[in-house]
Amino acid sequence: VNFPLKITCKEAHHLLSDRMDRPLGGGERWRLWLHLRFCRMCSRVDRQMDFLRSAMRRLGE
Amino acid sequence: VGGGRGVGDPGRGAGRSAPLHRAVAAEDLGRRHPEAQDHRSLPAARREVSTDAAAEAAEVETFDELFAQDGHRASMPLEWGDPERSLERTQFFDVLQACLDHLPASLARIFMMREWLDYDTSEICKELGITPTNCFVMLYRARMRLRECLEMNWFATKGAA
């Protein structure tokens, strides 16, 4: 089976969101981890997604 | 629909009141505030949202203007600095609420179910009658739009400073 290790930012963005809703598979997790190590843009968006979740927890408090 | 953290749960969400987002339909409100349930409107509201949801999901591939053809991001997301500080500001929550209000209704609803009412995605799928894949894509789209909206209307402005 061929699992390309490199994913695009678009795929990485989808995985960033998906992992807030479902557990990622091993391959997905590994490819995302690898991408995030080298991509500043996606790492930024990753932190922003976490922030969005914490903001939603506080909404209406 | 079971699930650990429902409305009757005294944990998170208890004691919270309005402002409730308008996209959270009566049946969701009922989960939180049983006295607020409006039985007459339920079937119609549900049908409408499901159709909406299907339509949203269908245009999945057309949306991504964030990315160039090759899947690379077209523009650099801003550095948000220390966003936690924003959580101390009531103005930030006004902006967040306004951004939620600007989402297409079906995206707002599914996002609120997931992130505010804390439903599992499986519960959401069942309730809205959509596939998990559609569900994930809609949540993705809601998050990306909100990210963009917060960036433009809060983090890129003096409000966040």
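Throughout, a chain's letter reflects where its sequence line sits, starting with A, and its residues are numbered from 1. Keep in mind that what you see is a predicted model, and the values were worked out from it rather than measured.
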(request) Go through E151(B), R147(B), E79(B), E84(B) and name the one with the most non-hydrogen pairs under 4.5 angstrom from chain A. (result)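 That would be E79(B).
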(request) Please test D50(A) against M20(A) for side chain to side chain contact (heavy atoms under 4.5 Å, CB included), starting from the C-alpha separation and ending with a verdict. (result) CA-CA 9 Å; D50(A) 283 344; M20(A) 306 185 91; 4.3 Å; yes
(request) Find the distance between CG (D94(B)) and CH2 (W154(B)) and round it off to the nearest 0.5 Å. (result)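 Nearest 0.5 Å value for the CG-CH2 distance: 8.5 Å.
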(request) Select one option (side chain, backbone, both, neither) describing which atoms of M41(A) are under 4.5 Å from chain B's heavy atoms. (result)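 Both parts, heavy atoms under 4.5 Å.
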(request) Please flag which part of R44(A) lies under 4.5 Å from any non-hydrogen atom of chain B: side chain, backbone, both or neither. (result)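 Answer is side chain: those atoms of R44(A) sit under 4.5 Å from chain B.
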Side chain from CB out, backbone as N, CA, C, O: work out which of these in [X] comes under 4.5 Å of a heavy atom of chain A, or both, or neither.
X       : answer
L146(B) : side chain
L96(B)  : side chain
L78(B)  : backbone

(message) Less than 4.5 Å apart, side chain to side chain, heavy atoms only: is that true for F92(B) and R85(B)?
(response)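 A side-chain contact under 4.5 Å is absent here.
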(message) Other residues, nucleotides and ligands only: do more than 12 of their heavy atoms fall within 6.0 Å of CZ on R53(A)?
(response)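 Yes, CZ of R53(A) has more than 12 neighbouring heavy atoms, counting only those of other groups under 6.0 Å.
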(message) Quick check against the 3.5 Å criterion: does S17(A) have a side-chain atom that pairs as donor or acceptor with the backbone of H14(A)?
(response)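 Not confirmed, S17(A) side chain does not pair with H14(A) backbone.
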